[in-house]
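Lettering follows sequence order; numbering is per chain, from 1.
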2 protein chains.
Amino acid sequence: MRLFLEKGYGSTSVADVLRAARANSGSLYHFFPAKHDLLLAVLERYRSEIEPRLLAPAWRGVADPIERVFALLRVYRRLLVETGFFYGCPVGSLALEIHEPDPAVRRLLAANFERWAGAVRGCLREAGDRLPVDADPRELSLFVLAVMEGAVMQARTHRSLEAFDASVRRLRDYFRRLEKGARRPRLRPAPAAKEKIR
Amino acid sequence: MRLFLEKGYGSTSVADVLRAARANSGSLYHFFPAKHDLLLAVLERYRSEIEPRLLAPAWRGVADPIERVFALLRVYRRLLVETGFFYGCPVGSLALEIHEPDPAVRRLLAANFERWAGAVRGCLREAGDRLPVDADPRELSLFVLAVMEGAVMQARTHRSLEAFDASVRRLRDYFRRLEKGARRPRLRPAPAAKEKIR
DNA sequence: CGCTTGGTTGATCGATCAATCAAGAGCCCC
DNA sequence: GGGGCTCTTGATTGATCGATCAACCAAGCG
C-alpha cells in the first residue's frame, strides 16, 4: 500500500515490494498469482478502511453533518501538509494511472469512490431540510468528491495549498448559499417539531 | 502525445514511440537526450496548444463569459463520450502519475494548470459585477479546475457521465446562486454606465 | 573532388522487469 | 517416525526496459 501510494502501481517493481516486505518472490507469488492481484488487494483494503480509518477519525467530535463533509476535506489537507505534498488520495492517483480497461480494477476503483461519496451522501441526507429540495444529495456528493480530487491534484502539482484552500472555500461558500436558500420555505426557527428521518 | 495520453508516461516504452513514429532509436535520441525530455516536450506543447486548440474552438460562438466556462467543460464531456471514456485531461493524468519530485516536469504541469485556470479567470473577470465582489476570480478559477479534473476522473473510472454531469450541474447551480446574490447591491438593470476594465 | 555538418540506421548494451520452479522447512496428525 | 500439507527459499528465466554506439548517408561548400 505504501509503495503504490508513494510511487504508483507501474513504477513499483515486485522487487520493491519484496524488499519492503522482507519476503522472497516465491512467498509473494504463493499468495498473489500476479502483481495485478496485489493491486486488487490494495484497492480492496482501501475500500474496507475508508470507514474505520478515514471517516471515523475525521468525524470524531464533529456532530454537524455538513461540518463532517469539511472535516473530511481537512483530513486530506493535513495529509498533504504532513507529507510535504507527497501523499494525496491514493484511489485518485491509481484511478488516473491505470489506463487499461481492466474490469476488476475499475470496479474496485469505482467501489472506493462509491463508498466515499456514499458517506458524504449520508451526511447530506442527515442535513435534511437545511439544504434545498432541489439539491440532490447524490449529485452533491459526487460534486464534493470531484472537488476533493481536483483540489488534491492541484495541491500536489503546485506543492502549495492555495488551490486546495481556494476550492474548499468556494465549496463552503456554495453550501452556505444552499443553506440560506433552503430557509425560504419554512421560516419558523422553532426546533420543536423537527421530524427525524430514519 | 497520443501514446502518453493513451497509456500514460511510464507505461509507454521508447520502443512504442519509435514504432508509432516510424523512427529508429538513434534518431530519437539525437533530438531527445532521454525519454524524460520527451515528456517535457509533450507538456510544453500541451501548454502552447491550450489557447488555439482548446479555448478557441470551445468558445467559438459563445460570447457570454460565464457560458464560456461551461462551454469549456462541455469540450471535456464530448471528449469523454467520443473516446468511450478513454481520453481524459492529459495534464491531470500525468500530474497524478508523476510522483518523483522532478522540478522541470512539475513546473510544466503547473504552467498547464495555470494557463487553463488563467483563461477561466479571464472569463470571470469579464463577467464583472455579475458575480459578488467576495467571489474572488482567482479562487473561483481554481475551483472550476478542481471540479473539471475530479469530474473527468470519476467519469473515466465509472465509464459513465453521471458524476461528470452531476458535478457540472452543481457548479452551474453555484454560479446561478452567485449571480443571484450579486444582483443585490445595484438593482438597476440599465447597462448604460457599464465601465470597461482594461 | 574532399571535407564538414546534421541526421539516420539498427545492432547491442547492461539493468531491470514480472514470473517460475525445484528444493526444502516447519508443522500437524496418524 | 513418516506422510501430507502449507509456506519459504532464492537462483533463474526470457522478455523488455532506456540508452549507446560505430557506421553510414546525403546535402552543402569551396
Could you pull out every donor-acceptor pair under 3.5 Å between side chains of residues 14-26 of chain B and any protein atom, sequence neighbours left out?
{"from": "B:Asp16", "atom 1": "OD1", "to": "B:Arg19", "atom 2": "NH1", "distance (Å)": "3.3"}
{"from": "B:Asp16", "atom 1": "OD2", "to": "B:Lys7", "atom 2": "NZ", "distance (Å)": "2.9"}
{"from": "B:Asp16", "atom 1": "OD2", "to": "B:Ser13", "atom 2": "N", "distance (Å)": "3.0"}
{"from": "B:Asp16", "atom 1": "OD2", "to": "B:Ser13", "atom 2": "OG", "distance (Å)": "3.2"}

In [range], which ones come under 4.0 Å of DNA chain C, going by heavy atoms?
range                     : value
residues 3-15 of chain B  : none
residues 16-25 of chain B : B:Asn24, B:Ser25
residues 31-45 of chain A : A:Ala34, A:Lys35

A:Ala163: which residues meet the side-chain contact (heavy atoms from CB on, under 4.5 Å) condition with it, sequence neighbours left out? A:Gln154, B:Leu142

Closest non-hydrogen atom pair, [X] against [Y]:
X        : Y        : answer
B:Leu178 : B:Ala135 : CD2-CB, 4.2 Å
A:Leu39  : A:Ile98  : CD2-CD1, 4.0 Å
B:Gly88  : B:Leu79  : O-CD2, 3.5 Å
A:His158 : B:Ala110 : CD2-CB, 3.5 Å
B:Leu124 : B:Ser141 : CD1-N, 3.8 Å

A:Glu114, A:Glu139, A:Glu126 screened by side-chain contact (heavy atoms from CB on, under 4.5 Å) with A:Arg121, the one that passes: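 Among A:Glu114, A:Glu139, A:Glu126, the one that satisfies the side-chain contact (heavy atoms from CB on, under 4.5 Å) with A:Arg121 is A:Glu114.
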
Partner residues of B:Thr157 under the side chain to side chain donor-acceptor pair (under 3.5 Å) criterion, sequence neighbours left out: none

Check the distance between C:dT8's P and B:Tyr29's OH and give it to me in whole angstrom.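 Between P of C:dT8 and OH of B:Tyr29: 15 Å.
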
Under 3.5 Å donor-acceptor pairs involving side-chain atoms of residues 50-66 of chain B, not counting sequence neighbours:
{"from": "B:Trp59", "atom 1": "NE1", "to": "B:Arg68", "atom 2": "O", "distance (Å)": "3.0"}
{"from": "B:Asp64", "atom 1": "OD1", "to": "B:Ile66", "atom 2": "N", "distance (Å)": "3.0"}
{"from": "B:Asp64", "atom 1": "OD1", "to": "B:Glu67", "atom 2": "N", "distance (Å)": "2.9"}
{"from": "B:Asp64", "atom 1": "OD1", "to": "B:Arg130", "atom 2": "NH2", "distance (Å)": "3.4"}
{"from": "B:Asp64", "atom 1": "OD2", "to": "B:Arg130", "atom 2": "NH1", "distance (Å)": "2.8"}
{"from": "B:Asp64", "atom 1": "OD2", "to": "B:Arg130", "atom 2": "NH2", "distance (Å)": "3.2"}

Kindly state each residue pair satisfying ring pair (Phe, Tyr, Trp, His ring centres under 6.0 Å) with at least one member in residues 1-43 of chain A, sequence neighbours excluded.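 Sorted result for residues 1-43 of chain A: A:Phe4-A:Tyr9.
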
All pairs passing ring pair (Phe, Tyr, Trp, His ring centres under 6.0 Å) where residues 85-104 of chain A contributes a residue, at least two apart: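 Listed by first then second residue: nothing to list.
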
Could I get the full list of salt bridge (Lys or Arg N to Asp or Glu O under 4.0 Å) partners for A:Arg77, not counting sequence neighbours?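 Partners of A:Arg77 under the salt bridge (Lys or Arg N to Asp or Glu O under 4.0 Å) test: A:Asp165.
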
With a 4.0 Å cut-off, would you call B:Asp173 and B:Arg169 a salt bridge?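 Not counted as a salt bridge, because no side-chain N and carboxylate O are separated by less than 4.0 Å.
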
Check this for me: does any side-chain nitrogen of one of A:Arg115 and A:Glu49 sit under 4.0 Å from a carboxylate oxygen of the other?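 No, A:Arg115 and A:Glu49 are not salt-bridged.
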
Span of DNA chain D, from the first to the last nucleotide whose atoms fall under 4.0 Å of chain B heavy atoms: D:dC17 to D:dC21

Find the bend of the helix from C:dC1-D:dG30 to C:dC30-D:dG1 as the angle between its two terminal axes (five pairs each), to the nearest 10°.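 That helix has its two terminal axes inclined by roughly 10°.
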
